[in-house]
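What follows is a short report on a single structure.
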Amino acid sequence: VTRDPRLLLVARDRPVVRKAVERWLPGISFAFLEESNLPDPEGVEAVLLGSMAREGRGFEPSNYPRLAFVQRLFTGVDDLPFDRFPPRIEIASNAGGFAPFVAEHAVALALASARSLLEGQSRVAEGRLRPPPAVRTLRGQTAVILGFGAIGQGIAERLRPFGCTLEAVTRSGAPVPGLERVYRADQLKEALPRGAFVFEARPLTRATRSTIGAEELRAMPREGTLVNVGRAATVDEQALFDHLREVPTFRAAFDVWWGEDFAEGTLPESPRFAALPNFVGSPHIAGIAPGAEEYALTNALENLARYFRGERPRFLVDRSEYLSAP
Ligand SMILES: NC(=O)c1ccc[n+]([C@@H]2O[C@H](COP(=O)([O-])OP(=O)(O)OC[C@H]3O[C@@H](n4cnc5c(N)ncnc54)[C@H](OP(=O)(O)O)[C@@H]3O)[C@@H](O)[C@H]2O)c1
């Protein structure tokens, strides 16, 4: 047990984590927060941060006088209590840390919805072939990708072979090679009607929270599909529920939920969405796959290595995008 670590691991102590840290940060002393002999806080400069609600329950950033850099293990930082991190501490997301797996899952959701796989399963269970469920195709459709970061790009790459026309919404709206059209964030309402399939892959920030409400949903094609692998709260929950009931031809496929409780591994109520025939859901598993944890650790630890070499880390978070407005 290292008593005076430079790096504190606020993550569950497992061989995969230890091995990755030893590989990517050779010579850097580290300790897990959960070790019974609590490490000396004086030397801690950097933290690898998993879940604050689970393994991070005993983690108080202000207890570490020299802490300068926090690297998130997960991609999103929307759940962090930013006010508990003294302003001197820089925080990095794990942007792209799960991207290939999440992009694959986004396509899986789109296909499950389009090919009516759940209804197909019920038919088979009843021993019936016909009538066939109302299947759709991705072939030749226009897909609008909201947030063209690592996941958004991964989705585009995977949709191209389907012959999809690809468009995206980014903050700048600057042209991107291979995309038919790119819209600025404030042109969301212009972009949504274009997508037979709309993929949500934006981070949850002050600027994206609840940006898809009743009006935006009504602006989408009545035969459209909204796939969400980003964060549920960019979409207004009640508005989506009402829209799915009022427009049965509209479909949604979500991996992410409102009020997720990762400490308990539960959702606040048994979601009523699952009872809707035009909805497909998965339990926030887009980033789970063999090899995904190592991939995410590598992405995060390479960034920590940058910090320890004295270089400027990547993926630094602008807190003002997350803090509530003054
Ligand atoms: N379902 C899951 O299991 C799962 C797993 C991992 C991540 N996620 C979610 O997916 C999100 C994206 O992950 P990533 O790896 O792709 O991160 P990323 O590479 O940082 O991509 C996020 C992109 O969103 C863009 N963006 C930010 N604000 C925007 C706005 N207002 N309008 C349009 N675009 C905006 C950023 O654009 P610019 O900086 O170029 O402007 C950036 O390119 C994460 O924040 C997380 O919430 C979900």
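As the structure lists them, so they are numbered: ligands from 1, and atoms in each ligand from 1. Values below: all heavy atoms of this structure, side chains included; hydrogens, waters and symmetry mates excluded.
For Arg66 and Glu42, the salt-bridge test passes: some basic side-chain N is under 4.0 Å from an acidic carboxylate O. Using a cutoff of 4.0 Å between basic side-chain nitrogens and carboxylate oxygens, Glu294 and Arg23 are not scored as salt-bridged. Classification of Asp79 and Arg231 as a salt-bridged pair fails, no side-chain N sitting under 4.0 Å from a carboxylate O. With salt bridges taken as basic N to acidic carboxylate O contacts below 4.0 Å, none links Arg158 and Glu104.
Sorted by chain and number, the heavy-atom contacts of ligand 1 below 4.0 Å come from Thr75, Ala95, Gly96, Val102, Gly147, Phe148, Gly149, Ala150, Ile151, Val169, Thr170, Arg171, Ala185, Ala201, Arg202, Pro203, Thr208, Val229, Gly230, Arg231, Asp255, Val256, His284, Ala286, Gly287.
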Point to revise | Criterion salt bridge (Lys or Arg N to Asp or Glu O under 4.0 Å) on Glu90 and Arg312, from CA distance to verdict | key: CA-CA 10 Å; Glu90 295 230 75; Arg312 188 153 178 76; 3.2 Å; yes

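In the model, Thr211 has a side-chain atom that pairs as donor or acceptor with a side-chain atom of Arg202 under 3.5 Å.
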